[in-house]
There are 2 protein chains.
Amino acid sequence: MSKRELKKDHLLDAGLQVMATQGYNGTSIKDIVDAANVPKGSFYTYFKSKEDFAVEALEKVTEERIQHNRHLLGNRSVPPLERLTRFFTDNIGGCEQGIKGGCFIGNMCQEMSDSSEVIRLKVRQMLRNNTQAIEDVLEEARLDGSLKSPISSAVLAEFLFNAWEGTLMRMKASKCREPLNAFLTLLPAILGNQS
Amino acid sequence: MSKRELKKDHLLDAGLQVMATQGYNGTSIKDIVDAANVPKGSFYTYFKSKEDFAVEALEKVTEERIQHNRHLLGNRSVPPLERLTRFFTDNIGGCEQGIKGGCFIGNMCQEMSDSSEVIRLKVRQMLRNNTQAIEDVLEEARLDGSLKSPISSAVLAEFLFNAWEGTLMRMKASKCREPLNAFLTLLPAILGNQS
DNA sequence: ATTTTACAGACGACCGGTCATCTAAAGAAA
DNA sequence: TTTCTTTAGATGACCGGTCGTCTGTAAAAT
């Protein structure tokens with residue numbers, strides 16, 4: 001990784017942390033460069049606009065998550081359904097500490113979907129990636145017989161991931177683990193019910 | 001309702017519509033007063049700050065929702081579980097057209113929970129109100145025997161409402177009904193499973 | 001006449017974005 | 001090796017515009 005790429009990465013990392021807690025419109029370019037200890041003028045050397053920064057940040061956070069999940073969701077030595085449960089319990093910590101900041105993708109989705117089409121499309125793509133990862137594990141579980149639900153893996157994955165995002169969101173407001181507990185209580189019932 | 005209260009209400013209504021699509025930080029005082037056709041200087045006659053406006057808007061939107069739901073969730077001539085299903089299918093339209101804007105409370109939750117404690121607390125309260133309404137119907141269904149889940153109504157209500165908010169959020173990004181369909185597909189399974 | 005409310009305009013701060021200038025390393029010419 | 005030229009990247013001052021809020025006055029209400 002070149003020096004240039006390192007600096008851009010640093011800008012992305014530092015800015016992401018600010019934008020994840022203050023939102024897109026609540027974060028100024030100055031906030032971002034200050035957090036990265038980079039002069040303001042340099043920002044536009046690396047990003048063509050604030051919007052562009054957000055899109056790249058969205059990509060980065062998802063890329064990191066996917067890399068993290070590859071070990072978790074793709075680990076064949078653990079039963080698929082247990083892997084899925086771990087995916088949720090592990091990400092509560094990994095997703096910007098869960099209770100503070102919440103899920104960056106979810107935040108951007110709510111704040112920007114109706115304001116920026118570029119961001120909306122990127123968010124949609126990132127959400128799809130996550131849903132697909134869940135669907136893959138569910139399909140695996142179906143093949144080994146541990147998933148008996150008559151509902152298709154695609155629908156199940158869509159529902160579960162959306163419910164999960166809603167859970168993260170609720171935790172932002174409530175600042176407690178109750179929503180997480182409710183989710184984890186229902187999860188086995190949803191996966192294991194009906195023949 | 002006095003003339004003053006009417007004007008304030010109008011300001012709240014018009015501003016809400018803007019803030020629901022553009023977010024808190026994406027909406028200026030000018031946007032609000034322009035939408036309501038009220039001179040800019042008048043804003044601070046009715047609200048002590050922008051933050052105060054948001055809190056009052058949050059209260060208003062929930063108050064309206066509750067009034068709307070009182071007919072729906074409290075209507076004893078319809079079986080409780082069917083009332084609950086209707087609550088979701090009806091609110092998809094009522095909740096700012098669902099696909100555009102999404103749920104105002106959810107939007108504010110994601111954008112502002114970490115920036116304004118006043119707004120966070122109001123959001124939490126409003127979310128609790130909604131959850132409680134669902135819990136009440138579930139409890140009713142349990143008493144009449146139509147709800148057999150061994151999971152407590154409180155946990156069930158918490159999960160369902162969060163899943164619902166996640167569904168609304170996803171629809172903002174995807175602009176399609178797939179998330180809603182997934183939710184409605186899983187709903188009976190969650191309510192009706194296990195003995 | 002006195003108090004209260006409505007509002008135009010102004011306030012300084014800050015916004016996202018631009019730009020002329022500076023720096024420093026690489027290459028060419030000597 | 002030394003000097004000069006070129007150039008990509010770095011940078012802080014600065015742009016027009018907008019932000020949330022306040023103040024002074026006019027209008028209205030009592």
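Small disclaimer: the values here were computed from a predicted structure and weren't measured. Throughout, a chain's letter reflects where its sequence line sits, starting with A, and its residues are numbered from 1. Only heavy atoms go into these numbers, but all of them, side chains included; no hydrogens, no water, no symmetry mates.
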Where do N or O atoms of nucleotides 23-26 of chain C meet protein N or O atoms at under 3.5 Å, pair by pair?
none

Self-check item: Close approaches to DNA chain D from residues 29-39 of chain A, in residue order (heavy atom, under 4.0 Å)
Solution: A:P39
Which part of the nucleic acid, if any, lies within contact of [X], taking any heavy atom under 4.0 Å across all strands shown: a base, the sugar-phosphate backbone alone, or nothing?
{"X": "A:Y46", "answer": "sugar-phosphate"}
{"X": "A:T45", "answer": "base"}
{"X": "A:S42", "answer": "base"}
{"X": "B:K48", "answer": "nothing"}

Spacing of [X] atom [atom1] relative to [N] atom [atom2], expressed in whole Å:
{"X": "A:L11", "N": "D:dG9", "atom1": "CG", "atom2": "P", "result": "15 Å"}
{"X": "B:Y24", "N": "D:dC19", "atom1": "OH", "atom2": "C1'", "result": "12 Å"}
{"X": "B:F43", "N": "C:dC11", "atom1": "CZ", "atom2": "P", "result": "22 Å"}
{"X": "A:Q22", "N": "C:dC15", "atom1": "CD", "atom2": "P", "result": "10 Å"}
{"X": "A:Y44", "N": "D:dC14", "atom1": "OH", "atom2": "C1'", "result": "14 Å"}

Quiz item: Do B:L138 and B:I151 belong together in a cluster built from hydrophobic side chains that touch within less than 4.5 Å?
Solution: yes
Quick one: is [X] getting a side-chain N or O under 4.0 Å of the [N] phosphate, OP1 or OP2?
{"X": "B:S28", "N": "D:dT18", "result": "no"}
{"X": "A:K40", "N": "D:dG12", "result": "no"}
{"X": "B:R4", "N": "C:dA6", "result": "yes"}

Quiz item: Is it the case that B:E158 and B:N162 place a side-chain donor and acceptor less than 3.5 Å from each other?
Solution: yes
Charged N to carboxylate O under 4.0 angstrom, [X] versus [Y]?
{"X": "B:E82", "Y": "B:R86", "result": "yes"}
{"X": "A:R76", "Y": "A:E140", "result": "yes"}
{"X": "A:E63", "Y": "A:K60", "result": "no"}

Practice problem: Could you check whether the rings of B:F53 and B:F47 sit parallel, tilted or perpendicular, using 30° and 60° as the cut-offs? | Solution: perpendicular
Practice problem: Just say parallel, tilted or perpendicular for the rings of B:F159 and A:F159, cut-offs at 30° and 60°. | Solution: tilted
Quiz item: Looking at the side chain of A:K7, which of C:dT5, C:dC7, D:dA10 is the nearest nucleotide?
Solution: D:dA10
Self-check item: Counterpart residues, salt bridge (charged side-chain N to carboxylate O under 4.0 Å, His left out), relative to B:D136 (two or more places apart)
Solution: none
Quiz prompt | Lys NZ or Arg CZ of B:K50 over B:Y24 ring: under 6.0 Å, within 45° | solution = yes
